[in-house]
Number of protein chains: 2
Amino acid sequence: MADTPYAPSRIRALPSWLLGRAAARGHRLVAEALAAEGMRMMHHAVLCAVAELGPVSQAELGRTVGIDPKDMVAIVNDLQKDGLVTRTPDAKDRRKNAIEISAEGKRRLRRTERLGDAANAELTAALSDEERAQLVALLTRIVTPGE
Amino acid sequence: MADTPYAPSRIRALPSWLLGRAAARGHRLVAEALAAEGMRMMHHAVLCAVAELGPVSQAELGRTVGIDPKDMVAIVNDLQKDGLVTRTPDAKDRRKNAIEISAEGKRRLRRTERLGDAANAELTAALSDEERAQLVALLTRIVTPGE
DNA sequence: AGGGAACCGTGGGTCCCACCAACGTAAGCA
DNA sequence: TGCTTACGTTGGTGGGACCCACGGTTCCCT
């Protein structure tokens, strides 16, 4: 028999392993795509969330995208430095910063969304539309175990 | 209106995002489980591969599990230090190390495999057996785009 | 009204994973 | 024989996720 160089290796069938591998490929594809605009995945995610939520505090932003407040500081710093969002102290609650997307941020977001979509298309190129939807549904149930 | 704190946020439907989240949860669950035996995911994967492949070089090991040779060195060091594998110079090719699992390694592997399976069961607890198989099939096609 | 609890933003740091560059040694091939 | 390739090892970079602690602010309960 021809070789098939490496044995199937029991772990290759474990969901956790496959998820790790698939996520790594997805991350690589998306990161490469977004790099064309000088963005990273988390920056894009945060920018996207800001666009959807309107003026919002960093803490709430962190909760929606599920990242540490500490890391959010650096991301918002970067986005602000590039003029993609504005960070103004909230008049009603002076603990908060009101983060809002700028016009330039919206333009950037439109481009990065297209890049991200293209990368995701490549990531799931081997799947039919129906299978892609299936995958999304299954993953959604995995990531939200409590709901 | 009741709140539903965060908007669906467009990115939450992207495969790459969901994969990252699901992988993070899977990694956390498995890592916690394996920590009971003082093992990490990559150590378990390598040990598993060694058990399947028999005496094998580090380079081939790295190819099968898909990790950097540099990282493989550290992992084999750890496994050897714990007496789970043996690393002997290959007589036929003196560049290579022949890595082989030890009796203690086999015992450890049996335990970590059970722990890993349990963690994966919890990870996919929301899915039926059929759905789990579906997920594995879909992920497999994503991680091996060229085949 | 007062005081403790909770929360926000920020800085400190840790751990794990992925990847790249280089080098000495050894094998394979022309 | 010399050239090319491969193996193992050391060095380092960077991103992602996570945790702790602090000062400032607001909320809530008594």
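Residue numbers start from 1 in every chain, and the chains themselves are labelled A, B, ... in the order their sequence lines are given, proteins ahead of strands. Note: hydrogens, waters and symmetry copies are ignored here, and every other heavy atom, side chains too, is used.
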**OP:** Take H43(A) and D93(A), find for each the nucleotide of DNA chain D with the closest heavy atom, and name the residue whose nucleotide sits nearer the 5' end.
**Re:** H43(A)
Original post:
Under 4.0 Å between a side-chain N/O of R25(B) and OP1 or OP2 of dA17(D), yes or no?
Top reply: no
Original post:
Any side-chain N or O of R28(B) under 4.0 Å from OP1/OP2 of dA17(D)?
Top reply: no
Subject >> From dC8(C), dT9(D), dC17(C), nucleotide with atom closest to P69(B) side chain >> reply: dT9(D)
Original post:
NA contact type, D68(A), heavy-atom cut-off 4.0 Å: base, sugar-phosphate, or nothing?
Top reply: base
Original post:
Do the side chain of R108(B) and the main chain of E37(B) share a donor and acceptor less than 3.5 angstrom apart?
Top reply: yes
**OP:** Would you check if R63(A) and V56(A) make a side-chain contact, meaning some heavy-atom pair closer than 4.5 Å?
**Re:** no
Original post:
Is there a donor and acceptor pair closer than 3.5 Å between the side chain of K70(B) and the base of dG11(D)?
Top reply: yes
**OP:** Ignoring backbone atoms, test whether H27(B) places a side-chain nitrogen or oxygen under 4.0 Å from the OP1 or OP2 oxygen of dC17(C).
**Re:** yes
**OP:** Nearest-nucleotide wise, let me know which of K96(A) and D71(A) is further upstream toward the 5' end of DNA chain C.
**Re:** K96(A)
Original post:
Between the base of dA6(D) and the side chain of R95(B), is there any donor-acceptor pair under 3.5 Å?
Top reply: yes
**OP:** For M42(A), answer base if it contacts any base atom (sugar-phosphate contacts may also be present), sugar-phosphate if it contacts only those atoms, and nothing otherwise; contact means non-hydrogen atoms under 4.0 Å.
**Re:** sugar-phosphate
